[in-house]
*Asks:* 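Here it is, the structure, as structure tokens.
Throughout, residue positions are numbered sequentially from 1 according to the sequence presented.
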Amino acid sequence: MSSCVARQPIFNKSLNIYGYELLYRDNSSSSGYTGADGDMATSETIANTFHEIGVERVTGGKRAFVNFTEKLLLSNVATILPRHILIIEILENILPTPEILETCAKLRKQGYKLALDDFIFEPQFLPLLNVADIIKVDFLSTPMRVINKYAAVLKNKDIILLAEKVESQDIFDQAMEMGFSLFQGYFFSKPAIVEASERQLSPLKLNCLELIRLSHDPNVNFERISSVIKRDVALSYRLFRVVNSAFFGLSYSIQNVKQALTFLGMNEVKKWITLISLAEMTEGKPDELIRISLIRGRFLEILGSSLNRVSNLEDLYLLGIMSLIDAIMDMELSEILGMMHISPNITGPLITRSGLYGELLSLVIHYEKSEWDEALALADKYKITESTLNNAYLAAVDWASIY
């Protein structure tokens, strides 16, 4: 059974990755499966992801939050999955019957962690609190006064509170104050815009923007790039880390900058400089911003290589890499692009999301957010198969993991 899988990050208080919720689309969604057949299709999809794809490949060894229906919970599908990775999400419509409570208690005794998804603070669901390790609370659909009331009560229980659908920095701050320690949502990928009159770009960020400009100068050469890298210890370290990584599988170690540049080639060097420059600008930001930028860039590059209409894969890579630059720098995208001399092939699609490049970027973002209908509609427009999409995404996740 072919399937698509995406992941949504879950952060701790320090904005480091705690785990990912795995989001699936399997063939049952378009084949008329219902009831028990749907549960069977979903169980096969989960098993395929964990055993064929490899869940550690998808999550980078972090925790994997997976939704379980009542039938999946009672069928003991969870016990064939690794307890050190899996967190079982009990869906909000599952009632705490004696059979459910007994199953949950057994799973916890076997070392599995259980999370209550979109938990509703109503009397009939309260018995589930006795078998839960994590409670997920939807900050979009639950009134803040209700969250505040129950968060205060649950502070004294041995339960982790996870704020779900956190879409702004203000909501993140409020959740922190209420005692939540895990956070899920897209708050981290949105810029906190500061007026130009109140903002002063640091010399580091200005240097990084200059490096990006330099790396995409058509007249740049190895000597010029090499001189920049040699003056920067961080650049040199990251360059050696990349070329000597297991990803390239070299039988020898590269020790000098010129050798490293020659090995990678000019196009790859330009990519790494852009990436490293962005990474240097993310102080105080979650590493996931760079990770997602990398995945988008590589995802676009792989998709582009399957299309005859793409003439410059390097532009597609940079398009993905630059797609979160506003969140990284907390500036309007148009203002950032005005400070840089980047090809209109990139700046136009970044702003308008139109044309081939813009629509491919939209496809990648829809896939990333598990907006399957929108992603597959765009894929169909460009005759990209579902299998190609999934393989490209997983390859991009693999590629980004070396950083």
Side-chain angles (χ1 to χ4, degrees), residues 5-24 42 46 55 58-59 62-70 72-73 78 81 83 85-96 100-101 103-105 107-108 112-189 286 288 369-370:
V5 59
R7 63 186 195 178
Q8 186 175 119
I10 295 171
F11 298 93
N12 63 18
K13 289 181 180 180
S14 301
L15 294 182
N16 294 320
I17 291 294
Y18 175 82
Y20 294 93
E21 179 169 0
L22 301 191
L23 307 164
Y24 300 96
T42 302
I46 292 171
V55 70
V58 180
T59 69
K62 301 295 184 181
R63 290 285 194 171
F65 287 67
V66 178
N67 286 328
F68 275 69
T69 63
E70 182 175 0
L72 288 180
L73 202 56
L81 307 176
R83 70 194 72 184
I85 290 284
L86 178 66
I87 292 182
I88 301 163
E89 284 201 33
I90 301 173
L91 293 174
E92 65 272 18
N93 58 359
I94 296 177
L95 293 171
I100 286 291
L101 293 174
T103 298
C104 290
L107 286 167
R108 290 186 80 198
Y112 290 92
K113 288 190 177 294
L114 279 68
L116 305 181
D117 189 32
D118 293 342
F119 187 69
I120 302 168
F121 294 99
E122 293 181 0
Q124 67 265 37
F125 294 106
L126 295 183
L128 287 169
L129 295 177
N130 297 320
V131 293
D133 299 284
I134 298 171
I135 293 178
K136 299 181 74 173
V137 179
D138 187 327
F139 269 63
L140 278 185
S141 64
T142 312
M144 201 62 73
R145 57 179 176 76
V146 174
I147 298 174
N148 215 350
K149 175 184 174 182
Y150 286 101
V153 173
L154 294 171
K155 269 185 184 179
N156 299 320
K157 288 184 173 286
D158 189 22
I159 291 177
I160 296 170
L161 296 178
L162 190 160
E164 194 175 20
K165 295 191 174 73
V166 180
E167 300 300 310
S168 71
Q169 184 66 40
D170 286 343
I171 297 297
F172 172 79
D173 293 338
Q174 288 181 58
M176 283 265 284
E177 288 177 11
M178 285 187 239
F180 284 77
S181 55
L182 295 177
F183 311 88
Q184 182 176 359
Y186 293 104
F187 67 99
F188 71 98
S189 63
E288 191 68 8
K369 294 183 176 182
S370 71

*Asks:* For the atom pair CZ (Arg83) and NZ (Lys113), what is the distance rounded to the nearest 0.5 Å?
*Replies:* 12.5 Å

*Asks:* Mind running side chain to side chain contact (heavy atoms under 4.5 Å, CB included) on Leu107 and Val131 for me, showing each step along the way?
*Replies:* CA-CA 9 Å; Leu107 286 167; Val131 293; over 6 Å; no

*Asks:* Do Ile100 and Leu95 come close enough that some side-chain heavy atom pair is under 4.5 Å?
*Replies:* no

*Asks:* Can you name the side-chain contact (heavy atoms from CB on, under 4.5 Å) partners of Glu177, sequence neighbours left out?
*Replies:* none

*Asks:* From Thr59 OG1 over to Ile85 CD1, what is the distance, rounded to the nearest 0.5 angstrom?
*Replies:* 4.5 Å

*Asks:* Determine whether Phe139 and Glu167 make a side-chain contact, defined as any pair of heavy atoms from C-beta on separated by less than 4.5 Å.
*Replies:* no

*Asks:* Walk me through it: do Leu73 and Cys104 pass the test side chain to side chain contact (heavy atoms under 4.5 Å, CB included)?
*Replies:* CA-CA 8 Å; Leu73 202 56; Cys104 290; 4.1 Å; yes

*Asks:* So, do Thr142 and Phe119 sit near enough that their side-chain heavy atoms are less than 4.5 Å apart?
*Replies:*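 With C-beta onward as the side chain, the pair stays apart.
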
*Asks:* If you compare all heavy atoms of Ile88 against all heavy atoms of Leu86, which two are closest, and at what distance to 0.1 Å?
*Replies:* CG1-CD2, 3.7 Å

*Asks:* In Å, rounded to the nearest 0.5 Å, how long is the span from CD1 of Ile87 to CG of Leu162?
*Replies:*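 Interatomic distance, Ile87 CD1 to Leu162 CG, rounded to 0.5 Å: 8.5 Å.
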
*Asks:* Check Gln169 against Phe187 and note the closest heavy-atom contact, atom names and distance.
*Replies:* N-CB, 4.3 Å

*Asks:* Does Phe65 form a side chain to side chain contact (heavy atoms under 4.5 Å, CB included) with Gln184? I'd like the steps, not just the answer.
*Replies:* CA-CA 11 Å; Phe65 287 67; Gln184 182 176 359; 5.9 Å; no

*Asks:* Check Ile120 against Phe125 and note the closest heavy-atom contact, atom names and distance.
*Replies:*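 In this case the closest contact between Ile120 and Phe125 is O-CB, 3.7 Å.
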
*Asks:* Who are the side-chain contact (heavy atoms from CB on, under 4.5 Å) partners of Ala151, not counting sequence neighbours?
*Replies:*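 Per chain and number, Ala151 pairs via side-chain contact (heavy atoms from CB on, under 4.5 Å) with Leu161, Met178, Phe180.
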
*Asks:* Kindly say whether Leu114 contributes a backbone atom to a donor-acceptor pair with the side chain of Arg108 at under 3.5 angstrom?
*Replies:*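 It does not hold such a pair.
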
*Asks:* Less than 4.5 Å apart, any side-chain heavy atom of Ile90 and any of Asn67?
*Replies:*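 A side-chain contact is absent here, since even the closest heavy-atom pair is not under 4.5 Å.
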
*Asks:* Identify the heavy atoms of Leu129 and Ile159 that sit nearest to each other, and give their distance.
*Replies:* O-CD1, 3.7 Å

*Asks:* Parallel, tilted or perpendicular, judged at 30° and 60°: which one describes the rings of Phe121 and Tyr150?
*Replies:*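 Judged by the thresholds at 30° and 60°, the geometry between Phe121 and Tyr150 is parallel.
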
*Asks:* So, the side chain of Asn12 versus the backbone of Asn16: is there a donor-acceptor pair under 3.5 Å, distance only?
*Replies:*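 Looks like yes, one N/O pair under 3.5 Å.
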
*Asks:* Work out which heavy atom in Gln124 is nearest to a heavy atom in Pro96; give both atom names and the distance.
*Replies:*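 In this case the closest contact between Gln124 and Pro96 is O-CG, 2.9 Å.
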
*Asks:* List the residues meeting ring pair (Phe, Tyr, Trp, His ring centres under 6.0 Å) with Tyr112, not counting sequence neighbours, and say none if there are none.
*Replies:*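 Counting only residues at least two positions away or on another chain, Tyr112 forms no ring pair (Phe, Tyr, Trp, His ring centres under 6.0 Å).
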
*Asks:* Under 3.5 Å, side chain of Asp117 to main-chain N/O of Glu92, donor-acceptor pair present?
*Replies:* no

*Asks:* Distance from Ile10 atom CD1 to Lys136 atom NZ, nearest 0.5 Å?
*Replies:* 5.0 Å

*Asks:* Within a reach of under 6.0 Å around NZ of Lys149, are more than 12 heavy atoms found that belong to other residues, nucleotides or ligands?
*Replies:* no

*Asks:* Does a donor on one side chain sit under 3.5 Å from an acceptor on the other, for Gln174 and Asp170?
*Replies:*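 No - no donor-acceptor pair under 3.5 Å links their side chains.
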
*Asks:* Identify the heavy atoms of Val137 and Ile147 that sit nearest to each other, and give their distance.
*Replies:*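 Of all heavy-atom pairs spanning Val137 and Ile147, the closest is CG1-CG1, 3.8 Å.
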
*Asks:* Step by step, would you call Leu22 with Val55 a side chain to side chain contact (heavy atoms under 4.5 Å, CB included)?
*Replies:* CA-CA 9 Å; Leu22 301 191; Val55 70; 4.0 Å; yes

*Asks:* Can you tell me how far CD of Glu164 sits from CG of Leu140, rounded to the nearest 0.5 angstrom?
*Replies:*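 Leu140 CG to Glu164 CD: 9.0 Å, rounded to 0.5 Å.
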
*Asks:* Find the distance between CZ (Arg7) and NZ (Lys62) and round it off to the nearest 0.5 Å.
*Replies:*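 That separation rounds to 11.0 Å.
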
*Asks:* Per the ring-ring contact (aromatic ring centres under 6.0 Å, His included) rule, which among Phe183, Phe188, Phe172, Tyr18 passes with Phe11?
*Replies:* Phe188

